[in-house]
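A quick note: this is a predicted structure, and the numbers were derived from the prediction, not measured.
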Amino acid sequence: MYPRGCKDSKSERSKDGAMTHIHKTTNMDGNLQTEFSSKPKRGVYLSKGLASVIFIIFTLALIATAFIVYNFAACPRTDQLANVTKYELNHCDQNKLTVIPLSTESSKSVTNFEITTNSVETTTEVEINKVIDVRLPNSIKPDRYYLKLTPYIFESNFTFDGEISVVITVKNDTNKVTFHGVELVFHTIGLFKKDDGKEIDIEQRTEDMERQFHILVTAETLKAGQQYVLNITYTGILNDNLHGFYRSSYEEKKDKRWIAVTQFQATDARRAFPCWDEPALKARFTISLARPANMSSISNMNIVGHQRHDHLDSYIWDHYAETLPMSTYLVAFAVTDFGNMSRDNFSVWARKDALSSAAYALDIGPKILKFLEDYYKIKFPLPKIDMIALPDFKAGAMENWGLLTFREIAMLYDDGVSPTTAKARVAAVVAHEIAHQWFGNLVTPAWWSDIWLNEGFASYVEYVAVDAVEKTWKLMEVFVLNEVQSVFKLDALTSSHQISVEVGNPEEIGAIFDKISYGKGSAILRMMNHFLTDDVFNAGITDYLNAKKYGDAEQKDLWSALTNAARERGNSDLDVAVIMDSWTLQTGFPVLTVTRDYEIGTVTFKQERFILINGSLDDQKPVWWIPVSYTTASEKDFESTQPKLWLKGERSSVAKNISIAHSDWIIANIQQTGFYRINYDQRNWEMLIKILNDPKRFEEIHPINRAQIIDDAMNLALSGRLDYRIALDITSYLKHERSYVPWKSGLVALGYIDTMLSKGAYYLEYQRYVLRLLHGAVKDLGWEVSTNESVVRAQHRVDLLSTACHLQQVECLEHAVRMYTNWMLTPNPDTFNEIHADIRSTVYCVGVQAGGAREWNFAWERFMTASAPSERELLLSVLGCTRAPYLLYRYLELSLRNDSGIRKQDTVRVFSAVASSSIGEPIAFSFVRDNWQRLKEFVGSVSTMNSILKVVTRRINQAHEFDELKRFVSSYDKELGRPVQQVLERTEANVQWMNRNYKTIVSWLLKADKETVIE
């Protein structure tokens, strides 16, 4: 279906006066399909042979006529090609166009159409090579794009018309122009010399669907150094899959409103306009957006003019200033009826009903920007920043240059409705995206292999920036939990990947936007900052950005800048590349075993790769350059994080100059600044257990190192490197711990045991043990939330109360049920809710869990009427807390309905919520298996399917369940790629853990239970 535009004719008359109907449809491959038919006059009778001849001649004439009509129906102007004007995109000049219709053949065939009028051959080609090179040829680079888009934001017509002129420079002589385009129907294509407007004949067009290429073969050679202009008119789809140029909706006063927005990272700009869609191929963009007169538009740059639409009376053109050189994936625009608030060069946009919730983002955004300008020592180069909160957005947020896009939950904060922790989340996400304005936007990775240069830096700097702006939150301590210890779990798998990893097709590219690129990338930057010092690190970063701004870079460019900065400041022996390549070009991370000879006083440091499943990589023994910091019982220096020695790619090193008494402990990796785990000899572990279990002395150890000791010990035991009895003895000290960071590490580590034992006979012993640890801390925090409570304390309360109720602590359950019941009895529950936002997650979950259909339906009704994003997200999670299987099945079913009120972006959240209990996990897994194709079609994303499969299998720990999982994924493992291998490996580790550790842990818990009874 073609909307109004340059080419909207439905029928044309042939030369003999008969009406020829031209039906334009789209086949299953998304290609233009043109069918021709004619009606012969009645009353004429011919012989069969003569009729056949006449029919063939007549059909050929009709086809030729149709192609001529098609050829001259819509054409770009070329009278001003030598100086392509800012807002003129070359409308119809019938003497200058060569039109090339797409083939309608299936994706596996190669078909040639000979068009007599133009002598142009069109081919659809897919299987060019078995080994697919997805990179564009380097013979042409784009310099400027002039893009005009008209989106049709109506229920019956979610499409858009596009016109684009691309000024290209030829780098090497060639007769091919290759660019990207997906789900776009081309109407006209013209290629012209820029200097004189001469048309270049196009002999053939090939569409390589697998690589998403369009290839034009020209009749003459395009000369190196010359500039040409490629003009294309086309139509695209405003899809509902949350990528490319897509549609989204929301309700206001029971009126459904539609908007059109973009998400192009990593490879989806090509769904909105034909382009050279690779990060290094930067160009300038001049964008014009047509929008209904009652709506507004925003894009990367500021508006410089308005104009009435040339075809649509109700539409207005918004013309935007030309951008700086930038990558296609950073282009962004939105057509909405949102409201906005501004402060200086900052503006926030949101649904009018939610606009007041954007006040905190508008407050902290300029503060973050100012801090980062000083931090990078480079001014933000654009005239403005817009931040927009979108009802539907697949990612958490996106750093498009000058137009940051967010999920509503990541940008909106309602004081009194949103929990305190949501404020920290908004601050962190805003800081992350603003940090990208330098790392990613100003300097862009040459290829997706080094995407960690974007995401690792933004993930690190978000903590640095928020810590500077919101000093009381102490977020740098939380960094260890969120970015270091969290990513260890993924990087301990053999199916993990290097930070800098070769990727090809779009699915491979999408798969590396994971904890390795974000978390590990940020963790090694923090490690580097500590061993280089702030002065060297920051100077090197500024030099790197200045040297590469408006261009692209590889990690070696960063290493070079940092090395030079270090040498300029006196460290002449340092080579950052030698050190850091061992961290970015190798998969995994080391465990450093510290073994003391208590007789002669030496300390041996030995490294090996930490693998979750022991023995799975015996033939691969990588080594790292490891900066080793440490302190002893006599020093207790937890502030000096610079290394005292290095393992320079050595498997082991013996230190003979460490002064330490026989009875003193040693702790390595101060504040866990190094990205590695630490193991000790048994005697040192016993000394650490002793001091930790001393209520008067345990705080002599830094809270980050207390968290590190718990996390390292429990994971060393999990992988078979440490006796679980030692690890569990360490956790026993938590009964007198009150700090958030060590407690969080303990809860995460114990949570794995919880998951593994939850379907076993001895779960009660585990419950009692952890509840004894929790008792004092829960009592101290309580249910009452004080005014202006810190973010860390608020999160600590959430974690402890939810764990206590999860473990069936009677007081916790009774309190939560009472509060939920009282809320249900409130005459106006949507406007009057006495439950403090900070404890709602616990209260709601317990209320739904302890009740039945009535309690579940109450929560569902609150979800349907809630407008605050934080409340909607919370209710989505707690609806999975029910223990009624039929309600869980119902909830999963609702998540796959477009009319249910659950947005497509939240599908994973629903499956995660259902699978979060031992009752719900097999239900969720069964549902996924039974509805795989339906689910795949609904979410429209392989990455989302991988996420769902991950959350519904995390509790599997029996051999027969693992066999069942392997049988299921065997049919889909190729399309799911590396992430599904990680799911399988993690599940295998669960099975191995049960076989190796179950009896030991049960024995330890029974003993601890018995000793408590005796006390």
message = Once rounded to the nearest 0.5 Å, what's the spacing between atom NZ of K744 and atom CG of L800?
response = 9.5 Å
key: Stepwise side-chain contact (heavy atoms from CB on, under 4.5 Å) check, F863 with L876   = CA-CA 7 Å; F863 167 73; L876 277 173; 3.6 Å; yes
task = For F513 and W452, run side-chain contact (heavy atoms from CB on, under 4.5 Å): C-alpha distance rounded to whole Å, both residues' side-chain angles, the deciding distance at 0.1 Å, then the answer.
result = CA-CA 8 Å; F513 282 80; W452 80 273; over 6 Å; no
More than 12 heavy atoms from other groups under 6.0 Å of NZ on K489 = yes
message = Under a plain distance cut-off of 3.5 Å, with no hydrogens placed, do Q708 and Q671 share a side-chain donor-acceptor pair?
response = no
query = Closest approach of N454 and V443, non-hydrogen atoms and distance?
reply = OD1-O, 4.3 Å
ask   = Going by atom types only, do K394 and S943 share a side-chain donor-acceptor pair under 3.5 Å?
value = yes
task = List the steps and the verdict of side-chain hydrogen bond (donor to acceptor under 3.5 Å, both in side chains) for N300 and T323.
result = CA-CA 7 Å; N300 303 86; T323 71; over 6 Å; no
Within 45° cone and under 6.0 Å: R271 NZ/CZ vs F245 ring = no
note = From the list E873, R407, R872, side-chain contact (heavy atoms from CB on, under 4.5 Å) partner of D906 resolves to R407
note = Residues I298 and L289: closest non-hydrogen pair is O-CD1, 3.9 Å
task = Classify the ring geometry between F457 and F439 as parallel (under 30°), tilted (30 to 60°) or perpendicular (over 60°).
result = parallel
request  = State whether a side-chain donor-acceptor pair under 3.5 Å links Y250 with D353.
outcome  = no
Pair R862 + E871: basic N to acidic O under 4.0 Å = no
ask   = Under 3.5 Å, is there a donor-acceptor pair linking the side chains of T267 and D277?
value = no
query = Donor-acceptor pair, T584 side chain versus M580 backbone, under 3.5 Å?
reply = yes
request  = State, to 0.1 Å, how close P151 and A260 come at their nearest heavy-atom pair, and which atoms those are.
outcome  = CB-CB, 4.4 Å
task = Give me the ring orientation class for H796 and Y740: parallel if the planes are under 30° apart, tilted from 30 to 60°, perpendicular past 60°.
result = perpendicular
inquiry  = Would you compute the distance between atom CZ of R284 and atom CE of M301 and round it to the nearest 0.5 angstrom?
reply    = 9.5 Å
CD1 on I378 to CG on L372, rounded to 0.5 Å = 11.5 Å
ask   = For atom NZ of K904, is the number of surrounding heavy atoms from other residues, nucleotides or ligands below 6.0 Å larger than 12?
value = yes
ask   = Is a donor on one side and an acceptor on the other found under 3.5 Å between the side chain of K352 and the backbone of D337?
value = yes
query = Does any non-hydrogen side-chain atom of P279 lie less than 4.5 Å from one of W447?
reply = yes
message = Determine whether F338 and W349 satisfy the following criterion, ring-ring contact (aromatic ring centres under 6.0 Å, His included), listing intermediate values before the conclusion.
response = CA-CA 6 Å; F338 286 1; W349 298 76; 8.0 Å; no
message = Do the side chains of E252 and R257 get close enough for a salt bridge, i.e. N-O under 4.0 angstrom?
response = yes
ask   = Thinking salt bridges, do K471 and D467 make one under a 4.0 Å N-O criterion?
value = no
query = Y360 ring centre to K423 NZ or CZ under 6.0 Å, with the angle to the axis within 45°?
reply = yes
remark   = Smallest heavy-atom separation, K384 atom then S299 atom, equals NZ-O, 2.6 Å
query = Is it true that atom CG of D830 has more than 12 heavy atoms of other residues, nucleotides or ligands lying nearer than 6.0 Å?
reply = yes
task = Verify the distance criterion only: is there a donor paired with an acceptor across the side chains of S459 and E483 at less than 3.5 Å?
result = no
key: ring-ring contact (aromatic ring centres under 6.0 Å, His included) assessment of F333 paired with Y320   = CA-CA 10 Å; F333 32 84; Y320 288 87; 9.0 Å; no
query = Would you say the side-chain atoms of R840 pair up with the backbone N or O of I835, donor to acceptor, closer than 3.5 Å?
reply = yes
message = Please determine whether a side-chain nitrogen of the Lys or Arg among D318 and R291 lies less than 4.0 Å from a carboxylate oxygen of the Asp or Glu.
response = yes
Residues 543-554 side chain polar contacts: donor-acceptor under 3.5 Å, at least two apart:
| unit_1 | atom_1 | unit_2 | atom_2 | d |
| --- | --- | --- | --- | --- |
| N546 | ND2 | T542 | O | 3.3 |

query = Under 4.0 Å between a Lys/Arg side-chain N and an Asp/Glu carboxylate O for D392 and R247?
reply = no
message = If we count only N and O atoms by modelled type, under 3.5 Å, do the side chains of E278 and Y329 hold a donor and an acceptor together?
response = no
side-chain contact (heavy atoms from CB on, under 4.5 Å) evaluation trace for L879 with Y844 = CA-CA 9 Å; L879 283 163; Y844 290 6; over 6 Å; no
query = Could you go step by step and tell me if S870 and D414 meet the side-chain hydrogen bond (donor to acceptor under 3.5 Å, both in side chains) rule?
reply = CA-CA 8 Å; S870 58; D414 296 274; 4.9 Å; no
note = When rounded to the nearest 0.5 Å, the distance separating CE of M326 from CG of N441 is 7.5 Å
inquiry  = Ignoring hydrogens and geometry beyond distance, is a side-chain donor-acceptor pair present between S745 and Q485 at under 3.5 Å?
reply    = yes
Contact summary for V417 and A868, nearest pair of heavy atoms = CG1-CB, 3.6 Å
task = Give the C-alpha distance, both sets of side-chain angles, the deciding distance and a yes or no for side-chain contact (heavy atoms from CB on, under 4.5 Å) between T907 and I902.
result = CA-CA 8 Å; T907 307; I902 300 172; 5.6 Å; no
query = Given H497 and D491, is the side-chain hydrogen bond (donor to acceptor under 3.5 Å, both in side chains) satisfied, shown in steps?
reply = CA-CA 8 Å; H497 62 85; D491 210 23; over 6 Å; no
ask   = What closest approach, in Å, do A913 and S916 show between heavy atoms, and which atom pair accounts for it?
value = O-OG, 2.6 Å
query = Under 3.5 Å, is there a donor-acceptor pair linking the side chains of H436 and E455?
reply = yes
